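To keep things clear, I will list the structure first and then write my remarks on it.
Labels below follow one simple rule: chain letters A, B, ... track the order of the sequence lines, proteins then strands, and each chain is numbered from 1. Model, not experiment: these values are computed from the prediction.
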There are 2 protein chains.
Amino acid sequence: MNNNRDFIEKLRSSGLRPTKQRLEICKLLFDRKKTFHFTISDLSKILKKETIKKISLATIYNTVHSFKKKGYLKEISIDTEKTYFDTNTSNHHHFLDISTNELIDLKEDDVDNIKIKKNLPGKKIRSIEVLVKIENNN
Amino acid sequence: MNNNRDFIEKLRSSGLRPTKQRLEICKLLFDRKKTFHFTISDLSKILKKETIKKISLATIYNTVHSFKKKGYLKEISIDTEKTYFDTNTSNHHHFLDISTNELIDLKEDDVDNIKIKKNLPGKKIRSIEVLVKIENNN
DNA sequence: CAGTACTTTAGAATCATTATAAATTACATC
DNA sequence: GATGTAATTTATAATGATTCTAAAGTACTG
């Protein structure tokens, strides 16, 4: 569990001023045990409920984008309708539960090493991402 | 290579009237040897160039969506900025070349069988999609 | 504490997509 | 072929998410 002091340090060390808006958002995003997957709209709703002073929508967008640029968040494309962000910035895979629309992290170990047999000359692999769509079993 | 007659049949058989707009779009999308990946904007530009009579943007959206609903096109999420459609509707994987932003199909054989070790009770796997990001090798 | 650059903010602007409603077209029936 | 009807196309308006703007507020340096 992080406390405010840690977040202040984290922000300062990457050149972001630790404003109260950014700290609120840090607390919400990073002070958890499990990976958090969210859309801007999710985040906005939670902040509205959990925060005393309103944080403007523009600030939420600004903050999420600067956190992404600093490498604290990863943007993921699993749905053309929604833009998700992921607090787990490591290279990893996902389950997408079509029945509930829930996104679940897969650990490295959960997926066998993937071998790509095709090879394009002059190109190298930067990353491999797997999306496993799952649904109710009936 | 398909000809107009084939497209008329194809459309009729799925309950879509073979209008000249739909036939133009069929010809453009399906009369090719290689898979075609496109955005609505791409399609719109090509149609503007290659077609005598203007096809309205609304019609392009309508047509692509009905083709998707009929299973002639697949929507793919590889980029949060753009919505791509794919004329290859089979379950398959992709290379995304970050240097050129080009999307390339991987055949089944190009990727070794993927084993997912994690198993969620009550859920079954519907599909597995792999996105391999590649870049210039220097 | 003063100055400056960084942030936040509300609201306007933009862009892709979808909705609307009128005009056109495809097609079944005569 | 002509006619009626439902499907389709179209221009335009509406929507909704995101980005821009420029003014007010804040963090931080010296």
If I take atom [atom1] in residue [X] and atom [atom2] in nucleotide [N], what distance separates them, rounded to the nearest angstrom?
| X | N | atom1 | atom2 | answer |
| --- | --- | --- | --- | --- |
| B:K82 | C:dT17 | NZ | P | 11 Å |
| A:I60 | C:dT8 | CD1 | C1' | 12 Å |
| B:R22 | C:dT25 | CZ | C1' | 11 Å |
| A:K20 | C:dT8 | NZ | C1' | 8 Å |
| B:D42 | C:dA16 | CG | C1' | 14 Å |
| B:L57 | C:dA16 | CG | P | 10 Å |
| B:Q21 | C:dT24 | CD | P | 13 Å |
| B:K54 | C:dT24 | NZ | P | 15 Å |

Taking only side-chain N and O atoms of [X], does any of them lie within less than 4.0 angstrom of OP1 or OP2 on [N]?
| X | N | answer |
| --- | --- | --- |
| A:K53 | C:dT8 | no |
| B:R12 | C:dC27 | yes |
| A:S56 | C:dT8 | no |
| B:H65 | C:dT17 | no |

- [ ] Describe, as an angle rounded to 10 degrees, how the axis at the first end of the helix from C:dC1-D:dG30 to C:dC30-D:dG1 is tilted relative to the axis at the last end, five pairs per end.
- [x] 30°

Task: For chain B, the stretch of DNA chain D it reaches, first to last nucleotide, under 4.0 Å of its heavy atoms - done: D:dA6 to D:dA11

Task: Salt bridge A:D97-B:K123, side-chain N to carboxylate O under 4.0 Å - done: yes

TODO: Taking only Lys NZ, Arg NE, NH1 and NH2, and the carboxylate oxygens of Asp or Glu, determine whether B:K133 and A:E129 approach each other closer than 4.0 Å.
DONE: yes

Open item on the list: Considering every strand and a 4.0 Å limit on heavy-atom distances, what is the contact class for A:T19: base, sugar-phosphate, or nothing?
Closed with: sugar-phosphate

Task: Verdict with supporting geometry, A:I104 and B:L120, side chain to side chain contact (heavy atoms under 4.5 Å, CB included) - done: CA-CA 10 Å; A:I104 301 148; B:L120 293 187; 3.6 Å; yes

